[in-house]
Amino acid sequence: VNCAAWTAVDDAEANEAVALAINGTGPANVARVCAELGSKLVHISTDYVFSGDAKIPYSETEITEPKSAYGRTKLAGELAVRDNLPTDHYIVRTAWLYGQHGPNFVKTMINLEKTKDSISVVDDQIGQPTSALDLASQLVDLGLSNSHAGIYHGTNSGQATWFDFAVEIFRLA
């Protein structure tokens, strides 16, 4: 399972070459080694490979049109994995991850609530908030399966705007 990635989305704009080395060349190298060893590869990608304009969750067959450096570099990684390991790869696109560890939107909202009188959250972007724990389980299941090589989406069901997500976070907190 390749979890290594440049994930600083905004910083990728000023450091696209470095992000590409990590998100594009890195997965190519991992896929080549997997091919040499006869191993399958589960490669984690992102919904940033899409344009971000959809009003419903993307399907695996949607056309990719990344608008950011981060999205372009992650798509380069997907293509490298597919090209170097055509029959033994699982590319798993995820979105809006949150969990106990690491920075994420849930932690940001909870911390802002403690320090701000009011918080503004956009409601013009739709996505699928996804538990990192649920994604981990999906990755293990997929890696142990006999599923066909290809692209899969690893997200929780449903959809929300960032505003909807924030409201639910505050309700549960």
Handout entry: Heavy-atom donor-acceptor pair, Asn104 side chain to Gly102 backbone, under 3.5 Å
Key = yes
Exercise for the section: Could you tell me the separation between the OG1 atom of Thr64 and the CD atom of Glu78, rounded to the nearest 0.5 Å? Expected result: 7.0 Å
Exercise for the section: Give a yes or no on whether a salt bridge exists between Arg93 and Glu60, defined as a side-chain N under 4.0 angstrom from a carboxylate O. Expected result: no
Completion exercise
All heavy atoms of Ala166 vs all of Val121, minimum pair found to be CB-CG2, 4.0 Å
Exercise for the section: Please answer: with hydrophobic residues joined when any side-chain heavy atoms are less than 4.5 Å apart, are Tyr152 and Val1 in the same cluster? Expected result: yes
Exercise for the section: Apply side-chain contact (heavy atoms from CB on, under 4.5 Å) to Leu37 and list each qualifying residue two or more places apart in sequence or on a separate chain. Expected result: Val33, Ser39
Exercise for the section: With side-chain hydrogen bond (donor to acceptor under 3.5 Å, both in side chains) as the test, would you mind laying out the steps for Ser51 and Glu65 before giving the verdict? Expected result: CA-CA 5 Å; Ser51 67; Glu65 296 180 276; 4.5 Å; no
Problem - Spatial distance of atom CG (Asn156) from atom OG (Ser131) [nearest 0.5 Å] - result: 6.0 Å
Practice task
Answer yes or no: is there a donor N or O on one side and an acceptor on the other, between the side chain of Trp96 and the main chain of Tyr98, under 3.5 Å?
Solution key: no
Handout entry: Over 12 non-hydrogen atoms of neighbours within 6.0 angstrom of CD1 in Ile119
Key = yes
Completion exercise
Heavy-atom nearest pair, Thr130 first then Gly154, reads CG2-O, 3.9 Å
Handout entry: Main-chain N/O of Ile44 paired to Lys74 side chain as donor or acceptor, under 3.5 Å
Key = yes
Exercise for the section: Look up atom NE2 in His101 and atom CG in Leu133, then write down how far apart they are to the nearest 0.5 Å. Expected result: 9.5 Å
Exercise for the section: Working to the nearest 0.5 Å, report the span between CG of Leu142 and OG of Ser137. Expected result: 11.0 Å
Exercise for the section: Would you please indicate yes or no on a ring centroid separation below 6.0 angstrom for Trp162 and Phe105? Expected result: yes
Exercise for the section: Please check if the side chain of Gln128 supplies one atom and the backbone of Ser157 the other of a donor-acceptor pair under 3.5 Å. Expected result: no
Practice task
Tell me, with the steps shown, if Lys40 and His89 meet side chain to side chain contact (heavy atoms under 4.5 Å, CB included).
Solution key: CA-CA 6 Å; Lys40 293 191 281 186; His89 71 271; over 6 Å; no
Completion exercise
Looking only at heavy atoms, the pair that brings Phe163 and Asp123 closest together is CB-CB, 3.7 Å
Practice task
Give the intermediate values and the outcome of side chain to side chain contact (heavy atoms under 4.5 Å, CB included) for residues Ile110 and Lys107.
Solution key: CA-CA 5 Å; Ile110 290 170; Lys107 289 180 179 179; 5.8 Å; no
Exercise for the section: Measure from the side-chain N and O atoms of Asn84 to the backbone N and O of Asn29, and report whether any donor-acceptor pair falls under 3.5 Å. Expected result: no
Practice task
Step by step, work out the side chain to side chain contact (heavy atoms under 4.5 Å, CB included) result for Val92 and His153.
Solution key: CA-CA 5 Å; Val92 180; His153 285 186; over 6 Å; no
Practice task
Heavy atoms only: give me the nearest His43-Gly77 pair and the separation to one decimal.
Solution key: NE2-C, 4.1 Å
Problem - Distance-minimising heavy-atom pair for Phe165 and Ala160 - result: N-CB, 4.3 Å
Handout entry: Gln125 and Thr161: CA distance, side-chain angles, deciding distance, side chain to side chain contact (heavy atoms under 4.5 Å, CB included) verdict
Key = CA-CA 5 Å; Gln125 297 174 23; Thr161 66; over 6 Å; no
Practice task
With sequence neighbours excluded, give me every ring-ring contact (aromatic ring centres under 6.0 Å, His included) pair touching residues 53-87.
Solution key: Tyr48-Tyr70, Phe50-Tyr58
Problem - Flag, side chain of Thr94 to backbone of Thr155, donor-acceptor distance under 3.5 Å - result: no
Problem - Atom of Ala12, atom of Ala69 and distance for their closest heavy-atom approach - result: O-CB, 3.4 Å
Exercise for the section: Treat each ILVMFWY residue as a node, draw an edge where side-chain heavy atoms are under 4.5 Å apart, and state whether Leu97 and Val42 are in one component. Expected result: yes
Exercise for the section: Give a yes or no on whether Asp10 atom CG has more than 12 heavy-atom contacts from other residues, nucleotides or ligands under 6.0 Å away. Expected result: no
Exercise for the section: Give the other cluster members for Val81, using side-chain heavy-atom distances under 4.5 Å between Ile, Leu, Val, Met, Phe, Trp and Tyr residues; answer none if it is isolated. Expected result: Val30, Leu41, Leu85, Ile91, Ile151
Problem - Rounded distance (nearest 0.5 Å) linking atom CD1 of Ile169 with atom CG of Asp164 - result: 10.5 Å
Practice task
Report the distance from atom OH of Tyr90 to atom NE2 of His148, rounding to the nearest 0.5 Å.
Solution key: 9.0 Å
Practice task
Give a yes or no on this: more than 12 heavy atoms of other residues, nucleotides or ligands lie within 6.0 Å of atom CG of Leu172.
Solution key: yes
